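Okay, so here's the structure we're looking at.
All values derive from a computational prediction rather than experimental measurement.
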Amino acid sequence: GSSSRRKDNFPCHKKNRTSPERESGANHMCHVINTVTSVHYPVTACLVPICSLYGAAVTTVEGVGSIKTRIHPVQERLAKCHGTQCGFCSPGMVMSIYTLLRNHPEPTPEQITESLGGNLCRCTGYRPIVESGKTFCVESAVCQMKGSGKCCMDQEERSFSDKQEKICTKLYNEDEFQPLDPTQEPIFPPELIRMAEDPNKRRLVFQGERTTWITPVTLNDLLELKTNFPKAPLIMGNTTVGPSVKFSNKFHPVFISPLGLPDLYFVDSTDDGVTIGAGYSLAQLNDALQFIVSEQPKEKTKTYRALLKHLRTLAGAQIRNMATLGGHVVSRPNYSDLNPILAAGNAIINLISKEGERQIPLDGHFLERSPDASLKPEEVVLSVYIPHSPQWHFVSGLRMAQRQENASAIANAGMSVQFEEGTDRIKALQMFYGSVGPTVVSASQACQQLIGRQWDDQMLSDACRLVLDEIYIPPAAKGGMVEYRRTLIISLLFKFYLRVRQGLNKMDPQKFPNIPEKFLSALEDFPIETPQGIQTFQCVDPSQPPQDPVGHPVMHQSAIKHATGEAVFVDDMPPIAQELFLAVVTSTRAHAKIISIDTSEALALPGVVDVITAEDVPGDNNHQGEIFYAQNEVICVGQIVCTVAADTYAHAKEAAKKVKIAYEDLEPRIITIEQALEHNSFLSVEKKIEQGNVEQAFKYVDQIIEGEVHVEGQEHFYMETQTILAIPQEEDKEMVLHLGTQFPTHVQEYVAAALNVPRSRIACHMKRAGGAFGGKVTKPALLGAVCAVAANKTGRPIRFVLERGNDMLITAGRHPLFGKYKIGFMNNGVIKAADVEYYINGGCTPDESEMVIEFIVLKSENAYNIPNFRCRGRACKTNLPSNTAFRGFGFPQATVVVEAYITAVASQCNLPPEQVKEINMYKRTSETAYGQTFNPALLRRCWKECLEKSSFSARKQAAEEFNKNNYWKKRGLAVVPMKFTIGIPLTYYNQAAALVHIYLDGSVLVIHGGCEIGQGLHTKMIQVASRELNIPESYIHLPETSTITVPNAVFTAGSMGTDINGKAVQNACQILMARLQPVIRKNPKGTWEDWVAKAFEESISLSTTGYFKGYQTNMDWEKGKGNPYPYFVCGASCSEVEVDCLTGAHKLLRTDIFVDAAFSINPALDIGQVEGAFIQGMGLYTTEELKYSPEGVLYSRGPDDYKIPTVTEIPKEFYVTLVRSQNPIAIYSSKGLGEAAMFLGSSVLFAIYDAVTAARRERGLTKTFTLSSPATPELIRMTCVDQFTDLIPRDDPSTFTPWSIHVS
């Protein structure tokens, strides 16, 4: 069983080829012994030990359906609903929904959302994936907003000024879907049933090289083993032991796995409580508790309900199906969400050993790992007893995490209080906190001192003081967020206090007054709801010929293969004879001299072929400032020093750990932008644009404000990490590379430079990449050179696949940015002058930093026309891994600063921000600050429609009403306009070529220089060729991108993949059609095949290259003027959030997006790009937080400590509209939409800002404040200042070194 191939699933970082679902045919899965049932469940493949699968039936994505046999409805619908873009996460999505359907053939929308909670996707923004799952729900939940059966967004309401334009909202046709037939699913294998029922089962032993795996079949056998091997871990779900082996190098000579031992799987319910077997998975625990809650009176089930609430968000469905109750209790993770509640509910652990049974309380001593309160080595947990809650007893679980589900708590708690009967006098009190220390901690002294007190406000303030005294988090504590965690300790306590007051009031309203009405919402957790939305776009002109696909929402050409797992990515390519695997050794110092590299121990290990260092590079080791292998010195943590080639990846990785490098630290060590400015350390000269007279204008304004904004970086987190397969050829120093990249030409250049051979000897093949987002523009060239040098030295093929942790460390990401502004404006909100400075953290080498700062400066006005405007920018050189291209290329960071100063001006003038935005927005065709002509008609149209169609003013009023009535929860709305540009200021970077062959059977091969990275570029190129050649799409094949077929292609980036390659494909097709014209004229009624055959007979060439010179763009930085971009893409987005001021959590309620798409060649792909970019942008501005140590070490190296959005984070209501316009310069009047919507995600940031402003205003703080990005729960909570943030101890920053720092 497993959670799919290709998916990073918490806490696992390796692509897996199997996929979830496991049936277990043994009586341990059901409560009635001796009947065999099969249970399907999803698991995370990389955590499932093969030995644990004895007796299980494993279904992988290949077993669900295949293009070779038949595809399964789940796969078909995921593809046809456009739920796949790059396709790397699709098999995991298929397996999660498939498993759900095996257990519930008619699921509810909530079950769909819950089943996908453990799956990550970086491309789609999840909505279409959820929608594909919802097609299986009984009540088709696609659009039932008004319940009238009629779509509420229908024609009348949505018609625009131009009445002939028909609007469409259907991106797929569900009439095509094959029905789900549960009887067609594979049965559980009968031989496994016989095996499960066999009365004479024997102990199972697997013997490995270094370890032994033993599965006992009786309880006595298990106890015997535990006596003989007291140190051996018990393995059930492997969710604790697995990661410790993989990431902490733990080694165990013996594993004991009592999986399926009937004595561990039971529920025993009595009058005073329930006993649950230790073998129950957390998912089974959840089902058991649900059943008990439905059977028992409400007051008895307080503990169970508290556990259920946390079980919903604990990890994801896969982990909940693997992890067991016994394992969770006994491993006592310090972040446990369940143990604090179990302790507060007075649970008891039933232990057993050869000596007999005993019970220990699951209490503070146990959780704090006191030696006298723990298990003896030979004991195992048999079960856990959870008592019913008595009448005057209250139990609660509370937690706060970076993300609602699939994220460990930043702080959590289990609390309970027992009152003297009929009173509010404390008889017993317990408080357990997780994630605030090395173990779960109990505030036992505080609780002791409060016994006998009344449950009132005075008790609360004493309790807060006492708990803060008792639970001290040192200022330099691991994990950081110290003041935030201190605040959470008492904020969660306050929530418990309110909940209990409310409970007392329910029991005796006369005696115990209820909490203030304004406080009620503080008790409600944000619900996890199934998202829904509507996508609106331009219908195809009815007069268009039916076979012309342009303008139709055509499915991605590889979508079905994505969903069946048959789309081949580089690491799916079968092993090549003699191939070796490469592991990297990276620098552990930010700036140091390399004294020595000792490889002797590594070379002595089995399977190791060679260690490759800078000495082994035949050509340039430093090409254009990018260093392949560190030589003499290292300039960042994560720089590649050497690589190890071995016969397996495990051997290579083992050897890499044994390479000894001695360093001598060098000064200065520059990590942050601030340090770079102190040391005058830059990668580029200053870039500047200016209009008007800024100094003069400042003299004649009513007010001037100055401010600073920090925007932290972002990790690409493409699902497929960087992967390269380099194959040296026998002759002429040729080398073939297969890799996922956006720029094969660049890889070819770097590999040729490193090997010192002509580029003509290096062939780069790129079929598809599992996501890229800019992270595969320059980085594959560097890694490709590293890999090619190893292949060259060993003379053998090299497979180089970065693990997620190394990928995040080595390849870096978006540039952190620091912005300073000085704005002069009138009291009515008109801005007269702006002086803005930008600095970005470029890292240690040039990469694309100079171009990023140029783009930032050029795009720095966003949608606003400020008469006197100056912007300067500079890229800083630091000792961090070199930052690189990332979707939006500087614009998403820089424009936060613009929107921040507009919002600050609004605050100073006491005007709503949207009014100040409108006042200063471009009104008529005018020149931008760098002299390019801009017509704002579309900008204003998107803005106006966004405000109207989102009912902005009515909802803003409703939010203000909500905020008046709720003290601890606040709602905020924000609308953000956008003026974005596509392309590159250098004309020669906008060129493209294509190669089109027509074969004699009429089939057509199309090749072009663009790369398919999930955006559907190849699909659009097939649409273009289909229209131009006037043949069906099925005739056209597009195999791959390679440097052999189309040389010197530029990068697929800057939103212009379709623009430039489309023109090249169009050009080639038009040349061919012109050649065929005489043949067609002679036989106008003939078929395509006839014409092709005839052309060949007449010796007319059926192959040609197509070419597009590129958009004519230019920029003169001396003058600060030019026409750097071919056209503008405008848009607007409006978002509404609700914020919990006590914890810093936020919920995105609704988003409306309007983007000017001109004419969309494929609305399904374009809307997919807009939604995906928006969610990625939302991640950048909210939960995605990169943490570095003050020494420049990146901590965030995987999904467990870097939180991209999951299905839970997307807006509850999500409306996207492609606005129709003209763009004659581009192919078919389309526009490039790949990046624009990234910045629109900032409407979430500014909605949070709006909500936080409301909270601060109510607390008497009116001063304008700046909210930096990302607006993490920590930042939100600490900015909503209140009595709790005032109460916590603060440390003098000069007295300690913090655990982590910001680098912007």
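Across all their heavy atoms, I515 and Q502 have their closest contact at CG2-N, 4.4 Å. Minimum interatomic distance between P340 and D337 (heavy atoms only, all atoms of both residues): CD-C, 4.0 Å. The minimum heavy-atom distance linking A288 with I276 is given by the pair CB-CD1, 4.4 Å. P107 and L100 make their closest contact through CB-CD2, 3.8 Å (heavy atoms, listed as atom of the first residue, atom of the second, distance). The two atoms that bring I341 and A306 nearest to each other are CD1-O, 3.5 Å, heavy atoms only. The two residues I489 and Y433 make their nearest non-hydrogen contact at O-OH, 2.8 Å.
In summary, E1184 and K1203 do not engage in a salt bridge, as defined by a charged side-chain N under 4.0 Å from a carboxylate O. Salt bridge annotation for D525-K309: present, with a cationic side-chain nitrogen under 4.0 angstrom from a carboxylate oxygen. In summary, D271 and K300 do not engage in a salt bridge, as defined by a charged side-chain N under 4.0 Å from a carboxylate O.
Contacts of R358 classified as salt bridge (Lys or Arg N to Asp or Glu O under 4.0 Å), with partners at least two apart in sequence or in another chain: E379. Applying the salt bridge (Lys or Arg N to Asp or Glu O under 4.0 Å) rule to E529 yields the partners K1212; only residues at least two apart in sequence or on another chain are considered.
Under the 3.5 Å distance criterion, the side-chain polar atoms of S442 are left unmatched by any main-chain donor or acceptor of G364. Without hydrogens or angle criteria, E470 side chain to V467 main chain gives no donor-acceptor distance under 3.5 Å. Checked by atom type and distance alone, the side chain of R403 pairs as donor or acceptor with a backbone atom of N406 at under 3.5 Å. With K506 contributing its side chain and G503 its backbone, the two residues share no donor-acceptor pair below 3.5 Å. When atom types are taken as modelled, the side chain of S115 and the backbone of I112 share a donor-acceptor pair closer than 3.5 angstrom. Side-chain N or O atoms of N286 include none that pairs as donor or acceptor with a backbone N or O of L282 at under 3.5 Å. A distance-only check finds no donor-acceptor pair linking the side chain of Y265 to the backbone of A278 [under 3.5 Å]. Between the side chain of N249 and the backbone N or O of V245, no donor-acceptor pair lies under 3.5 Å. Listed for the N238 side chain is a donor-acceptor partner under 3.5 Å among the backbone atoms of L47. Under a 3.5 Å cut-off, the side chain of H252 and the backbone N or O of A232 do not form any donor-acceptor pair.
For the pairing with Q318, the side-chain hydrogen bond (donor to acceptor under 3.5 Å, both in side chains) check across T44, T239, N119 returns one residue only, N119. The side chain to side chain contact (heavy atoms under 4.5 Å, CB included) test with I256 singles out one residue from L225, I235, T215, and that residue is L225.
Taking 4.5 Å as the limit, every side-chain heavy atom of Q359 sits out of range of all side-chain heavy atoms of Y385. Contact annotation: the side chain of K231 never approaches that of P377 to less than 4.5 Å [non-hydrogen atoms, C-beta and beyond]. Side-chain atoms of T1183 and T1272, non-hydrogen and from C-beta on, never get closer than 4.5 Å to each other. Two residues are said to be in side-chain contact when any heavy atoms from C-beta on lie closer than 4.5 Å; K969 and C1141 fail this criterion. Counting heavy atoms from C-beta on, the side chains of L325 and V381 never come closer than 4.5 Å. Proximity of M236 to P258: side-chain heavy atoms (C-beta onward) are separated by under 4.5 Å at one or more points. For the pair V330/L375, a side-chain contact is recorded, criterion being any heavy-atom separation below 4.5 Å from C-beta on. V329 has its side chain within reach of L362: a pair of non-hydrogen atoms, C-beta onward, lies under 4.5 Å apart.
Residue pairs meeting the side chain to side chain donor-acceptor pair (under 3.5 Å) criterion with at least one member in residues 288-298: none, sequence neighbours excluded.
Annotation: cation-pi geometry not satisfied between K1187 and Y1202 (NZ/CZ under 6.0 angstrom from ring centroid, within 45° of ring axis).
To the nearest 0.5 angstrom, T439 atom OG1 is 11.5 Å from F432 atom CZ. The CG atom of L222 lies 8.5 Å from the CD1 atom of I352; values are rounded to the nearest 0.5 Å. Rounding to the nearest 0.5 Å places CD1 of I1276 at 13.0 Å from CG of L1142. In this structure, CZ in F394 is found 12.0 Å from OG1 in T303, a value given to the nearest 0.5 Å.
Residue E110 qualifies as enclosed at atom CD: its count of foreign heavy atoms under 6.0 Å is above 12. Within a 6.0 Å radius of OH in Y472, more than 12 heavy atoms belonging to other residues, nucleotides or ligands are found.
F1284 and F494 have tilted rings, their planes meeting at an angle from 30° to 60° on a 0 to 90° scale. Under the 30°/60° scheme for interplanar angles, the aromatic rings of F255 and W213 are found to be tilted.
Between N346 and Q430, the side chains place a donor N or O and an acceptor N or O closer than 3.5 Å (distance only, hydrogens not considered). A side-chain N or O of N350 and one of S383 form a donor-acceptor pair less than 3.5 Å apart. Under the 3.5 Å distance criterion, with hydrogens and angles disregarded, no donor-acceptor pair is assigned to the side chains of T1208 and Q404. No side-chain donor-acceptor contact under 3.5 Å links H388 and T301. There is a side-chain donor-acceptor pair under 3.5 Å between S491 and R1277. Judged purely by distance below 3.5 Å, without hydrogens or angles, the side chains of R332 and S374 pair a donor atom with an acceptor atom.
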Can you list the steps and then say if T1206 with E1209 is a side-chain hydrogen bond (donor to acceptor under 3.5 Å, both in side chains)? CA-CA 6 Å; T1206 63; E1209 273 69 49; 2.6 Å; yes
Give the C-alpha distance, both sets of side-chain angles, the deciding distance and a yes or no for side-chain contact (heavy atoms from CB on, under 4.5 Å) between V395 and M415. CA-CA 6 Å; V395 187; M415 302 185 185; over 6 Å; no
Criterion side-chain hydrogen bond (donor to acceptor under 3.5 Å, both in side chains) on S336 and H328, from CA distance to verdict: CA-CA 8 Å; S336 166; H328 185 90; 2.7 Å; yes
As a quick check of understanding, evaluate salt bridge (Lys or Arg N to Asp or Glu O under 4.0 Å) for E114 and R320, giving each step before the final call. CA-CA 11 Å; E114 186 170 353; R320 291 197 292 270; 3.6 Å; yes
Please walk me through it: do F291 and V293 pass side-chain contact (heavy atoms from CB on, under 4.5 Å)? CA-CA 5 Å; F291 179 73; V293 167; over 6 Å; no
When you look at D1140 and K495, which way does the salt bridge (Lys or Arg N to Asp or Glu O under 4.0 Å) test go after all the steps? CA-CA 11 Å; D1140 182 333; K495 284 197 170 208; 2.5 Å; yes
Kindly determine whether L307 and L342 satisfy side-chain contact (heavy atoms from CB on, under 4.5 Å), including the steps that lead there. CA-CA 8 Å; L307 288 165; L342 288 167; 3.8 Å; yes
Please evaluate residues T113 and T530 with respect to the criterion side-chain hydrogen bond (donor to acceptor under 3.5 Å, both in side chains), reporting the C-alpha separation (whole Å), side-chain torsions for both, the decisive distance (0.1 Å), and the verdict. CA-CA 6 Å; T113 309; T530 305; 2.9 Å; yes
